[in-house]
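Keep in mind that what you see is a predicted model, and the values were worked out from it rather than measured. The figures that follow rest on heavy atoms only: side chains count, while hydrogens, waters and symmetry mates do not.
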Amino acid sequence: MLKGNVPILATAFDEQGQLDLASVERLVTFLLQQGIDGLALFGNASEGYALTQDEKEALFYCVKKRVGDLPLVAAAGGASSAVAIEEITRVQRWGAQVAMVNPPSVVKPGPEEIYRFWRDICQTCDIDIMIQDAPLMTGVNIPVPTLVRLCQDFPGIKYIKVEQPPTTLKITALKQALGDSVGLFGGLNAGFLYEELCRGVTGTMPACEFPEVISAILAAWQRDRREAQALFYRYLPFLRYGVQPGIGVAIHKTVLHQAGIFASDYVREPAKSLDDTTRQELRELTEFLPLAALGGER
């Protein structure tokens, strides 16, 4: 069962915009040292939308040969169930344990189209499925009754990543309807992690440059809720800063570059690079809230 700290792997590029697997290897080594519980590839924070199929395959195998039995989640989907099934089958063949699937978003589906999309996937694929409910990214709202119906009808749906603000209210509604039969994960760069833990999430899937912070909060939660709250509130300014639309990917990669893990902080368009002022703000923030990735101590 997937649970705990499952960061989204950032994709490294060199200064010419080509895949940099040596930097990816350093990042995976760092993440494993911080005791993560799983790893997700090709998500929004991975710039999965900007990767070719050949690049995805090279990236996946680069990661897989270094993580052992660590569960791997791969974002896979498409504008129709036929395309999504092809993508899901591909990542399953590569060795993913979980396929994270967004609803189709080119033509905006209603509840019945959403239901039939995942029905087709679950009737064809035999990999564990995570529904990514991220309307800020897709423009598609998945109502709670539709999610509940899907999970009740198709046992292959094991997880939901809840990213529709306010996430807390949706998590509570899903928890009341589904109990522990489906694992609920938070997202949005763990910006509501403490509140989501209070509501019963199984884990969280943030960006990957601060795994030690997330692991510390989750460990504290098992000991003392107030300790977890204090840690979360301490690092909330950093979590908030990394979730800004358009520049979030560049923020994650700049931290990794400053730490010497990535050789470059290059991002592929349409993501934006950081201007000098934002870089300075980020440097001041990470100096104020030291992270293991930057050689600091909590």
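A donor-acceptor pair under 3.5 Å links the side-chain atoms of Y159 to the main chain of L2, judged by distance alone.
With respect to the salt-bridge test (charged N to carboxylate O, under 4.0 angstrom), the residues K161 and E163 qualify. The pair K170-D133 meets the salt-bridge criterion, with a side-chain N (NZ, NE, NH1 or NH2) lying under 4.0 Å from an Asp/Glu carboxylate O. R199 and E196 are not joined by a salt bridge, as no carboxylate oxygen comes within less than 4.0 angstrom of a charged side-chain nitrogen.
No path of Ile, Leu, Val, Met, Phe, Trp and Tyr side chains, each step under 4.5 Å between heavy atoms, connects I157 with M100, placing them in separate hydrophobic clusters. Each of L256 and V267 belongs to its own hydrophobic cluster when Ile, Leu, Val, Met, Phe, Trp and Tyr are linked at side-chain heavy-atom distances under 4.5 angstrom. Criterion: ILVMFWY side-chain heavy atoms under 4.5 Å apart, direct or through other members. Under it, L150 and M130 are not part of a common hydrophobic cluster.
There is a side-chain donor-acceptor pair under 3.5 Å between Q229 and R226. Side chains of N102 and T138: a donor-acceptor N/O pair is absent below 3.5 angstrom, by distance only. Under the 3.5 Å distance criterion, with hydrogens and angles disregarded, no donor-acceptor pair is assigned to the side chains of N5 and Q34.
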Report all side-chain donor-acceptor pairs from residues 177-186 shorter than 3.5 Å, counting only partners two or more places apart or in another chain.
residue, atom, partner, partner atom, Å
D180, OD1, K175, NZ, 2.9
S181, OG, L178, O, 2.6

Report all side-chain donor-acceptor pairs from residues 54-63 shorter than 3.5 Å, counting only partners two or more places apart or in another chain.
residue, atom, partner, partner atom, Å
E55, OE1, T52, N, 3.0
E55, OE1, T52, OG1, 3.4
E55, OE1, R268, NH1, 2.8
E55, OE2, R268, NH1, 3.4
E55, OE2, R268, NH2, 2.7

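Residues F238 and F210 bring their aromatic ring centres within 6.0 Å.
Nearest heavy atoms, C208 versus A10: SG-N, 3.4 Å.
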Under the criterion salt bridge (charged side-chain N to carboxylate O under 4.0 Å, His left out), I'd like the reasoning laid out for E113 against K108: C-alpha separation, chi angles, the key distance, then a yes or no.
CA-CA 9 Å; E113 290 83 9; K108 307 302 181 190; over 6 Å; no

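Legend: ring-ring contact (aromatic ring centres under 6.0 Å, His included) pairs involving residues 137-158, not counting sequence neighbours, sorted by first then second residue: Y115-F154.
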